[in-house]
Amino acid sequence: MRHLLGLKNMSAAELQSLLDTALAFREIVDRPVKKVPTLRGKAVITLFYENSTRTRTSFEMAAKIMSAEAINIAVGQSSVAKGESLKDTLQTLQSLRADCIVIRHPMSGSAEFAANILHIPVINAGDGRHEHPTQGLLDMLTIRQAKGDLSGLVVSIVGDITHSRVARSNIWGLTAMGASVRLVGPPTLMPADAEKLPVTVHSNLLEGLEGADVVNVLRLQTERQEAGLLPSLREYSRLFGINHKSLACAKPDVLVLHPGPMNRGVEISSEVADGKYGLHSAMEEQVTNGIAVRMAALYTLMGANIPPVVDA
Ligand code: ASP
């Protein structure tokens, strides 16, 4: 593996290996002293053209736990604000001797563009509505920890599917591992090519949740939506909001995921988000697993010849 651009076309064995590596790293994340020398001397640069809390911070933590240098480019204060192109920016970071570039950009295909012009590894931290592979992997790791095997599980992804890179990475990763994926949402938020994806499509929430093992709730991506796709947020919440009543259709031990940031009271109720009524909401686990998955990605691309888990 030279880059991590998406989960599409990755084999079950490749996904399994990344998840196993992440699980080994999770033990380090939970230590009181989180430091191993695995990537000492390497420099990881994060280049985010879109906002982020979880992804950017966890890449930085992942790099630092493994003793790599983590450098964040604040795009608004960089020469991007003077009009420097993406290509020139990437080449500059490579000349600064970055060993890996983590990129988030609003343009679908931007990470692949970076990989095509650079000779160092590139990790896609979200490219437009295309893919967000480390989010897909951390969702899979969280499900695997709660449910054991991914194979045979029914996972309902609910909400703004069209604009969600998280949905796409989940679809490819989960189906490669043998899970069944349902897409649930209003037709206006369903991709035009949904019928060609390895999923079933549901415009009725309760039908889409029936007997589900896992529900992955998506944020409404208002920054990517054109006007008029939804009558109102209240209407959306009434028809597609995940609350303890709608979850009664799913399996009693349903696991609830959300990639964050959440719009409480819109796509998910606070009760569900906070795990009331005995519900299993895994958002905090997802965030912590995000560090382990990003350690696995950095290690696989930069240090696979170094033993992964080194005693503190
Ligand atoms: N944080 C995720 C992403 O960047 C999900 C979201 O923003 O809704 O795609």
Side-chain angles (χ1 to χ4, degrees), residues 4-8 46-62 72-73 75 101-112 114 122-143 155-174 181 183-186 189-191 214-226 229-230 233 236-237 240-242 256-269 272-273 281-294 297:
L4 179 56
L5 305 179
L7 301 190
K8 192 177 181 185
T46 56
L47 176 65
F48 277 48
Y49 287 78
E50 285 186 347
N51 295 340
S52 172
T53 300
R54 282 151 283 266
T55 307
R56 205 200 60 68
T57 311
S58 58
F59 265 112
E60 186 170 339
M61 287 197 71
N72 173 48
I73 306 293
V75 161
I101 289 185
V102 179
I103 179 169
R104 169 172 287 188
H105 195 283
M107 186 180 79
S108 296
S110 49
E112 191 176 346
V122 172
I123 300 181
N124 181 7
D127 61 330
R129 54 173 81 175
H130 176 233
E131 279 226 39
H132 190 353
T134 54
Q135 178 72 48
L137 287 164
L138 75 88
D139 291 342
M140 289 158 74
L141 182 64
T142 307
I143 299 171
V155 181
S156 300
I157 306 177
V158 182
D160 183 0
I161 313 284
T162 299
H163 303 95
S164 175
R165 50 199 177 206
V166 176
R168 276 176 194 74
S169 291
N170 265 255
I171 292 168
W172 300 122
L174 287 166
V181 174
L183 302 183
V184 189
L189 297 181
M190 213 40 89
V214 180
V215 177
N216 198 350
V217 190
L218 301 176
R219 181 176 67 88
L220 287 176
Q221 307 265 311
T222 42
E223 72 275 30
R224 281 183 239 288
Q225 285 176 8
E226 49 286 20
L229 290 179
L230 293 172
L233 289 185
Y236 176 81
S237 178
F240 290 96
I242 297 295
V256 183
L257 306 180
H258 190 302
M262 285 185 270
N263 292 307
R264 286 173 182 256
V266 179
E267 72 263 359
I268 190 166
S269 72
V272 173
S281 295
M283 290 75 163
E284 289 175 17
E285 271 305 289
Q286 286 175 276
V287 174
T288 311
N289 280 337
I291 307 172
V293 157
R294 286 156 187 141

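All ligand and atom numbering here is 1-based and tracks the order in the structure. Keep in mind that the numbers below use all heavy atoms, side chains included, and drop hydrogens, waters and symmetry copies.
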Open item on the list: Can you tell me which residue among Gln286, Arg264, Glu267 is in a side chain to side chain donor-acceptor pair (under 3.5 Å) with His258?
Closed with: Glu267
- [ ] Report yes or no: does a heavy atom of Ser164 sit under 4.0 Å from some atom of ligand 1?
- [x]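 No heavy atom of Ser164 comes that close to ligand 1.
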Open item on the list: Check for me whether Gly260 has a heavy atom closer than 4.0 Å to any atom of ligand 1.
Closed with: yes
Taking only heavy atoms of [X], which atoms of ligand 1 are found under 4.0 Å from at least one of them?
{"X": "His132", "answer": "3 (C), 4 (O), 9 (O)"}
{"X": "Gln221", "answer": "6 (C), 7 (O), 8 (O)"}
{"X": "Arg104", "answer": "4 (O)"}

Open item on the list: Is it the case that ligand 1 has an N or O less than 3.5 angstrom from some N or O of Gln135?
Closed with: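 Checking ligand 1 against Gln135, no N or O pair falls under 3.5 Å apart.
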Task: Donor-acceptor contact present, side-chain Glu131 to main-chain Lys8, <3.5 Å - done: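 Side chain of Glu131 to backbone of Lys8, a donor-acceptor pair under 3.5 Å: yes, one is there.
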Task: Arg219 (side chain) donor-acceptor with Gly260 (main chain) under 3.5 angstrom - done: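 Side chain of Arg219 to backbone of Gly260, a donor-acceptor pair under 3.5 Å: no, none is there.
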Task: Shortest reach to atom 9 (O) of ligand 1 by a heavy atom, considering only Glu50, Arg165, Arg56 - done: Arg165
Open item on the list: To check you understand the geometry: which heavy-atom pair defines the closest contact between Ser169 and Pro133, and what is its length?
Closed with: OG-N, 3.5 Å
TODO: Compare every heavy atom of Pro106 with every heavy atom of Tyr49, then report the nearest pair and how far apart it is.
DONE: CB-CD, 3.8 Å
Task: ligand 1-proximal atoms of Val166, by part, heavy-atom distance under 4.0 Å - done: side chain
Task: CD (Glu112) with more than 12 external heavy atoms under 6.0 Å - done: no
Task: Shortest protein contact, atom 7 (O) of ligand 1 (heavy atom only) - done: Arg219 NH2, 2.9 Å
- [ ] State plainly whether the residues Arg165 and Glu50 are in salt-bridge range, i.e. N to O under 4.0 Å.
- [x] yes
